[in-house]
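Worksheet for the structure shown next.
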Number of protein chains: 2
Amino acid sequence: MTNSALKRITLKELAKAAGVSVASASYAVNGAGSLGDSTRAHILKIAAELEYRPNQLAKAMKTGRTGAIGLVVPDLTNPFFPNLAQTVIQTARRSGVSVFIANTEGSADQERKSVSLLVERGIDGLIWFPIVDTDTVGPLLRGTPVVVLDRNLSGYDLIQADYGRGGELAAAHLIALGHRHIGVVTGPLDAWSARQRANAAIGYIRAQGSLAWSVEGAFSPDLDPAITKVLDESRATAVIAGADLIAIGVIRHLQSKGVAVPGEVSVIGFDDIPWAQLNTPALTTIEMPVEEMAVAAVETLLRRIEKPSEPLRRVVFNVALVERASVGSLSSEATIQVDEGGITLGRLK
Amino acid sequence: MTNSALKRITLKELAKAAGVSVASASYAVNGAGSLGDSTRAHILKIAAELEYRPNQLAKAMKTGRTGAIGLVVPDLTNPFFPNLAQTVIQTARRSGVSVFIANTEGSADQERKSVSLLVERGIDGLIWFPIVDTDTVGPLLRGTPVVVLDRNLSGYDLIQADYGRGGELAAAHLIALGHRHIGVVTGPLDAWSARQRANAAIGYIRAQGSLAWSVEGAFSPDLDPAITKVLDESRATAVIAGADLIAIGVIRHLQSKGVAVPGEVSVIGFDDIPWAQLNTPALTTIEMPVEEMAVAAVETLLRRIEKPSEPLRRVVFNVALVERASVGSLSSEATIQVDEGGITLGRLK
DNA sequence: TTGTTTAAGTGAAACGTTTCATTCTATCGC
DNA sequence: GCGATAGAATGAAACGTTTCACTTAAACAA
């Protein structure tokens, strides 16, 4: 019959039960202080019997450390984020820290409110994926360490991927396959990462004289009428999307109009979200190491909490092209063989 | 120049600055006690100037309420959960409560550890989506209120959907369309919800003498060889999947073998995850009101925290068939018109 | 006037820890 | 045998609140 009762044993009670002082009990439990081996063992034994569990709140109040961090992301519903969140949570837990999660639903106001709530709750640090490039929350922080994901704010530790290179990779791939009329629908350009991707891709394509058009989109498969219009009138043989979600939207739209992907137009995405490979056709895209970035974020944060005055860090991860089935070749002699889960696509065009 | 410094003003300092006692300051800030209007206003004014923010930890220690709840789900990476989590977070925040999130990655051990960590951290309550049907965490709870999602554990408040009905709905739909050889690949049967769905569907189909076969699967689009084998040898004209993820896996496999969906075999899923409508063909499925369930979960939990001794609740939500494009008719005279985002599928078979 | 009631405000204990400063004992060097 | 030293254990303050019980003073009834 275990002590699963509602009331938890306190340190004082433990001390009394073991016949020692509260201080000794504390030292025993925390493996600190100068206690004799036998005393320590004795206290620990009693503690186990009584199922003593330290009250973390009291501890936190004394030490100023809660062992909790906050994670603020725009939208868990966007398939880009669950992986990130999951990895953050796992990594944190491995160090015994819990994570509060907040989602900001794209609003700077919500962002401020969430951060404010978390900070006042007394988190040790914050991992923040800002919606846009402005530091909406600086004044609310009151000294809480923050690492920023995917944006380029100054004054914080930064975790990023090499989006510029990603944009080039996508563009170069298309060009190499013979495409000379390329359209690009970007992500929302008030986001640094989207801008990086777009600028690099557009720059590269333009330098080759192959830019058909470019439009700004949102991180969603539901395309704005302005975009579908461009698409419908387009003579491009390939389009670069600023995110996989957008790419999927583009493909769906194209298909609904009876244009074959990649037969008639190729589409390349960005992010390599989990759906990408489940899509028909499976999405060629630029992947970034989300899990590694998440790990880096919590490690950086934990370190910053330890040493608040170390110089700021900026970690940039590599990206890579992952070829699947949504991109085809235009050069007459080229052949693409993509073996994707048993589906072999033969010569395209 | 605002007080964004690292150190926060304490109640004591506020009291001194306002020339009142600590008690009065506390009462003023909390809008309680018996204070004169002018005194109260004065204290509040000073508090605003000093940017006083109550230390939530101290408050929590005194009152025994942290204003935080835990959310324990199996796997954020499964597209079923982000919606749920997001809604829980939003709803909680509307009541000023923050949510700790933990994911258990399918392991009962992790589940126990996570719950344990959260409980010791001092959450006011827990929303728990158990992996299987066994109460792995009961002894760790120490009186923390819990509401259980999607399972049927006794001793807790329960939030469920009418899975049995869902299974029947799916089966009835297929039968109505003339299918007489139906296969079903279930979810993992150690999960209550999966069992409910499976039993109901299989029961219904069998009663019509139309069951071709049934196999147990996992909540994943990656199909076990045992399943693909059954699929390959199957003469079924339709298959019911225990989850959309499974349905997608089935469709992909079928397609890779050159069998048309829904032309040759129809597939119906369960859950209506966000991908469902993005899939090609768009998935016919049974939807459940995840957001409403999430809201109900936090409301139930908050109420339970308020009144621990109220009788336990069990809330069951309705499910509904959503017809899209992955199911076709077998009865010769039937015609299906599915208008799905501009794609019109004409007469099938 | 005197006693009673009410409003306004305060002192201090308590929540469960951590940790500094201190005391107590026993051992050691000589 | 004596002071010094080190090891073991403890007392109590402190962290920032909440809240009970109490005091003070003013207002009122008779």
Side-chain angles (χ1 to χ4, degrees), chain A residues 5-44 46-47 50-68 96 119-124 142-143, chain B residues 5-44 46-47 50-68 96 119-124 142-143:
Chain A
L6 281 71
K7 181 137 181 14
R8 287 152 69 151
I9 288 296
T10 99
L11 201 56
K12 191 150 85 177
E13 292 163 322
L14 168 59
K16 181 190 284 177
V20 298
S21 70
V22 178
S24 298
S26 173
Y27 287 135
V29 168
N30 293 316
S34 59
L35 286 187
D37 289 346
S38 63
T39 323
R40 173 156 313 188
H42 174 233
I43 299 177
L44 256 20
I46 306 273
L50 262 35
E51 293 189 19
Y52 169 73
R53 297 282 180 281
N55 179 324
Q56 299 294 344
L57 284 168
K59 188 169 194 153
M61 195 174 73
K62 254 326 253 189
T63 63
R65 284 281 178 80
T66 55
V119 167
E120 281 171 28
R121 213 172 255 320
I123 52 174
D124 293 342
R142 292 168 177 265
Chain B
L6 281 70
K7 180 135 183 14
R8 285 153 68 151
I9 288 298
T10 97
L11 200 56
K12 191 150 85 177
E13 292 164 322
L14 168 59
K16 182 190 286 178
V20 298
S21 71
V22 178
S24 297
S26 173
Y27 286 135
V29 167
N30 293 317
S34 59
L35 285 188
D37 289 346
S38 64
T39 322
R40 173 158 312 191
H42 175 233
I43 299 177
L44 256 20
I46 306 272
L50 263 33
E51 292 189 20
Y52 169 73
R53 296 281 179 281
N55 179 324
Q56 300 293 344
L57 285 167
K59 188 169 193 155
M61 195 175 72
K62 253 328 254 189
T63 62
R65 284 281 178 79
T66 55
V119 168
E120 281 173 26
R121 210 171 259 318
I123 51 175
D124 293 340
R142 294 167 176 266

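Heavy atoms only: backbone and side chains are in, while hydrogens, waters and symmetry mates are out. In this text, all values refer to a predicted model and were calculated from it rather than measured experimentally. Lettering of chains follows the sequences in order, A, B, ..., and the numbering in each one begins at 1.
The two residues B:Arg121 and A:Thr66 come nearest to each other via the heavy atoms NH1-O, 2.8 Å. The shortest heavy-atom contact between B:Ala25 and B:Val20 is N-CG2, 4.2 Å. Across all their heavy atoms, A:Leu50 and A:Ala17 have their closest contact at CD2-CB, 3.8 Å. Heavy atoms only, all atoms of each residue included: B:Leu11 and B:Ser26 are closest at CD2-CB, 3.6 Å. Nearest approach of A:Lys12 to A:Thr10, heavy atoms of both residues: N-OG1, 2.9 Å.
In the region residues 16-26 of chain A, proximity to DNA chain D at under 4.0 angstrom, judged on heavy atoms, holds for A:Val20, A:Ser21, A:Ala23, A:Ser24. Residues from residues 52-64 of chain A with heavy atoms under 4.0 angstrom of DNA chain D, sorted by number: A:Met61, A:Lys62. Against DNA chain D, the stretch residues 34-43 of chain B makes no heavy-atom approach under 4.0 Å.
The NZ atom of B:Lys16 sits 10.5 Å away from atom CD1 of B:Ile9, with the distance rounded to the nearest 0.5 Å. For the atom pair CD1 of B:Ile46 and OH of B:Tyr52, the computed distance is 14.5 Å after rounding to the nearest 0.5 Å. Within the model, atoms NE2 of B:His42 and CG of B:Leu35 stand 12.5 Å from one another, a figure rounded to the nearest 0.5 Å.
Looking at heavy atoms from C-beta onward, A:Ile43 lies in side-chain contact with A:Ser24 at the 4.5 angstrom threshold. Residues B:Val29 and B:Leu14 form a side-chain contact, since some pair of their non-hydrogen atoms from C-beta on lies under 4.5 Å apart.
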In the 5'-to-3' direction, what one-character label does each nucleotide of nucleotides 23-28 of chain C receive under the scheme B = base within less than 4.0 Å of a protein heavy atom, S = sugar-phosphate only, - = no such atom? ------
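Checked options B:Arg8, B:Arg53, B:Gln56; the residue passing with A:Glu120 is B:Arg53 (criterion: side-chain hydrogen bond (donor to acceptor under 3.5 Å, both in side chains)).
Along DNA chain D, the stretch of nucleotides lying under 4.0 Å from any heavy atom of chain B spans, 5' to 3', D:dG16 to D:dC20.
Taking the C1' atoms of five terminal pairs at each end of the helix from C:dT1-D:dA30 to C:dC30-D:dG1, the two resulting helix axes are inclined by 50°, rounded to 10°.
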